[in-house]
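Report on one structure; see the data block that follows.
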Amino acid sequence: MTATPGGWRRSHTCGELRAAHVGQTVTLMGWAFRRRDHGGLIFVDLRDREGLTQCVFNPATSAEAHAGAQEVRAEFVLAVQGTVQRRPPGTENPKLPTGEVEVQVSQFRILNESKPLPFPLEDQTEVEEAVRLKYRYLDMRRPQVLRNFVIRDQVYRAVRDYLHAQGFLEVETPFLTRSTPEGARDFLVPSRLARGSFYALPQSPQLFKQLLMVAGFERYFQIVRCFRDEDLRKDRQPEFTQIDIETSFLDRDEFLPIVEGMLVEVWRRVRGITLPTPFPRLAYDEALARFGTDKPDLRFGLELVDCSDLFRGGQFQAFAQVVAGGGAVKGLRVPGGGPLSRKDLDGLVEAAKGAGAKGLVWVKVNPDGLQSPVTKFLEAVKQPLLARLAAEPGDVLLLVADQMPLAATVLGRLRQELAQRLNLVPPHEFRVCWVIDFPLVEWSEEERRWDAVHHPFTAPRDEDLPLLDTDPGRARAKAYDLVINGQEAAGGSIRIHQQAVQEKMFKLLGIAPQEARARFGFLLEALEFGAPPMGGIAAGLDRLVALLAGEESIREVIAFPKTQKGTCPLTDAPAPVDPGQLKDLGIRLVEEP
RNA sequence: GGGGUCGUGGUGCAGCCUGGUUAGCACACUGGACUGUCAAUCCAGAGGCCGCGGGUUCAAAUCCCGUCGACCCCGCCA
């Protein structure tokens with residue numbers, strides 16, 4: 001076995017030569033990153049996965065090599081043999097780890113040529129994403145892109161090492177499975193052997209991991225692809241990767257520290273950062289009240305403050321009526337927001353309306369008094385209002401009156417947007433928290449029934465169990481989300497492990513017994529054979545890696561991602577198939593009406 | 001399904017508002033010069049269906065309509 005025609009073997013990588021190697025004869029293999037031709041002297045920066053090494057082609061060393069190097073172009077694949085030498089004084093490159101030395105080339109081979117590139121491989125140049133994705137294999141040669149996949153690899157390993165050390169068993173579950181109701185749209189796979197029937201790709205291994213608990217595996221995990229046929233975002237792809245975990249015999253407060261330990265280990269190994277534990281916990285109601293969202297970004301303040309009582313029965317009719325009708329007035333203090341122009345403030349009003357509010361009241365706190373479209377209505381509550389929001393001259397106050405949770409969520413969006421705009425978000429900080437005590441169900445107006453907030457297998461809190469019969473909307477679930485910098489990074493729950501409770505839940509959700517039997521009777525049956533108490537979580541691996549890499553979009557940390565329309569510019573998937581394939585499956589295409 | 005931004009040589013952009021030269025700049029590319037560069041430099045050159053289709057006009061990269069595509073957002077995502 002030889003690495004190249006002629007029997008050369010790579011002796012070092014392009015990232016490892018140092019002053020200590022001076023005098024050694026080495027063989028490097030890699031890509032010609034850049035060539036600098038001085039006529040009498042040619043420099044080629046040879047790049048491989050590990051780094052960059054300057055190779056010098058000097059006719060005094062080898063006229064043949066020097067002549068050959070003139071043919072070299074960007075991204076030619078080279079094998080280079082020569083002597084490591086210290087660079088002449090004054091020509092060292094402190095920007096390169098290998099910058100103290102260079103390889104004086106005595107002979108080299110062109111292992112392969114390359115066409116001119118469709119785009120430059122420099123890190124700093126911005127190239128349209130569709131072009132990058134069409135030539136993703138070239139894009140990935142950029143050190144910045146490679147770095148993201150090194151981080152991803154470190155995350156895989158940290159997760160596996162940690163969970164294995166904690167006694168978790170790694171198990172694979174099927175991709176070809178059956179469609180389940182609720183949740184996202186399924187990707188369907190037609191069956192040839194059972195014509196007219198379809199597999200569904202899993203939205204998550206939810207049911208299987210519960211079966212593994214019934215099986216007595218006790219601690220399971222899997223780094224697994226999940227599929228959801230919904231519209232894409234920068235943090236959502238049709239196929240994405242979850243760290244899926246399930247445990248037996250642990251209640252929430254025993255389980256969450258295990259997950260915290262995993263996150264701590266990942267952040268420690270990848271970023272050298274020690275996340276403080278335990279992670280703070282926020283009840284869902286509290287998160288909504290203080291931040292106007294169930295995934296609060298804790299890197300900055302701008303907390304929402306309830307001002308409802310200040311306006312109850314007051315002369316500001318618009319607000320007083322909302323409060324009288326059971327709604328709330330939520331306030332947000334924008335410190336130093338004074339410079340916001342009338343146009344900015346009008347923009348905020350529009351944004352609030354766009355988010356569903358009937359309106360937004362802004363108040364400038366000037367040294368000589370309040371300035372607002374509704375100043376005269378505010379005079380009566382001026383002092384308590386300023387005190388409630390801890391306002392100071394130069395601030396801007398934003399007030400939204402509406403039903404809860406709308407009043408809070410509207411202001412929550414403005415909070416996020418203003419933090420961005422006013423540069424209040426520290427760029428290199430990680431703030432992690434748990435959001436717990438989610439509602440179990442919420443009323444769906446359009447379907448006229450209760451919907452599971454998390455999923456139908458989530459257990460209600462024990463003390464809320466009676467509420468299922470009397471006031472389901474007030475029942476809280478044993479569910480939890482892990483939120484990092486305002487992003488949902490993981491979500492899970494303690495499951496229902498008693499068949500009677502599960503059936504009650506289905507009944508509440510309007511899933512008829514026959515339908516439940518038909519759809520996942522196998523799970524209900526399993527629950528009758530001694531199912532242990534169980535609970536787990538699923539973490540979005542792509543989002544974790546993006547956070548660790550400082551990338552905005554998970555596409556930057558997925559090897560071959562899809563565009564926003566779900567296509568792959570590289571393979572041109574999805575694509576029509578051969579009529580014979582359709583015939584095998586018993587599928588006939590119909591024209592759109 | 002809806003809203004927004006964008007689409008101009010291989011890449012990144014300018015020109016478009018206010019229609020009228022040979023569509024301009026940088027990088028890449030090709031040829032030449034050059035023995036210490038590292039975003040090498042200098043000289044010369046080639047390269048354009050201005051996304052696509054229609055309309056207005058004497059005349060369209062530019063104005064209008066439609067359409068396709070990329071990205072961001074809303075809806076959607078248990």
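Because the structure is predicted, anything quoted here is derived from the model rather than measured. Computation of the quantities below employed the complete heavy-atom set of this structure, encompassing side-chain atoms and omitting hydrogens, waters and symmetry-equivalent molecules. Here is how names work: the chains are called A, B, and so on, in the same order as the sequence lines, proteins then strands, and each is numbered from 1.
At a cut-off of 3.5 angstrom, counting only N and O atoms as typed in the model, there is no donor on one side facing an acceptor on the other between the side-chain of R413(A) and the base of C73(B). Evaluation of atom-type donor-acceptor distances gives a pair under 3.5 Å for the side chain of Q54(A) against the base of U37(B). On a pure distance criterion of 3.5 Å, a polar donor-acceptor pair joins the side chain of E102(A) and the base of G36(B).
In a base pair of the Watson-Crick type (N1 to N3 plus N6-O4 or O6-N4) or a G-U wobble (N1-O2 and O6-N3), with each distance short of 3.5 Å, A44(B) is matched with U30(B). In this entry C16(B) has no Watson-Crick or G-U wobble partner, no candidate having both defining distances under 3.5 Å. Searching all strands for a Watson-Crick or G-U wobble partner of U5(B) with both distances below 3.5 Å returns A70(B). Under the Watson-Crick or G-U wobble criterion, with both distances below 3.5 Å, A59(B) has no partner in any strand shown.
A salt bridge links D139(A) with R132(A): the distance from a Lys NZ or Arg NE/NH1/NH2 to an Asp or Glu carboxylate oxygen falls below 4.0 Å. Contact check on R228(A) versus D186(A) returns no salt bridge, with no Lys/Arg side-chain nitrogen under 4.0 Å from an Asp/Glu carboxylate oxygen. Between D437(A) and R252(A), at least one side-chain nitrogen of the basic residue sits less than 4.0 Å from a carboxylate oxygen of the acidic one, meeting the salt-bridge criterion.
Between L117(A) and D45(A), the residue anchored closer to the 5' end of RNA chain B is L117(A), taking for each the nucleotide with the nearest heavy atom. Mapped onto RNA chain B by nearest heavy atom, R233(A) and L41(A) fall at different nucleotides, with L41(A) at the one closer to the 5' end.
The gap from the P atom of C58(B) to that of U5(B) amounts to 32 Å, rounded to the nearest Å.
Each ring-ring contact (aromatic ring centres under 6.0 Å, His included) pair with one or both residues in residues 60-100 of chain A, not counting sequence neighbours, would appear here, but there are none.
Contacts of residues 64-77 of chain A with RNA chain B (heavy atom under 4.0 Å): R73(A).
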Please set out all donor-acceptor pairs under 3.5 angstrom arising from side-chain atoms of residues 560-569 of chain A, sequence neighbours excluded.
{"residue": "K562(A)", "atom": "NZ", "partner": "E239(A)", "partner atom": "OE2", "Å": "3.1"}
{"residue": "T563(A)", "atom": "OG1", "partner": "K565(A)", "partner atom": "N", "Å": "3.3"}
{"residue": "T563(A)", "atom": "OG1", "partner": "T567(A)", "partner atom": "N", "Å": "3.3"}
{"residue": "T563(A)", "atom": "OG1", "partner": "T567(A)", "partner atom": "OG1", "Å": "2.8"}

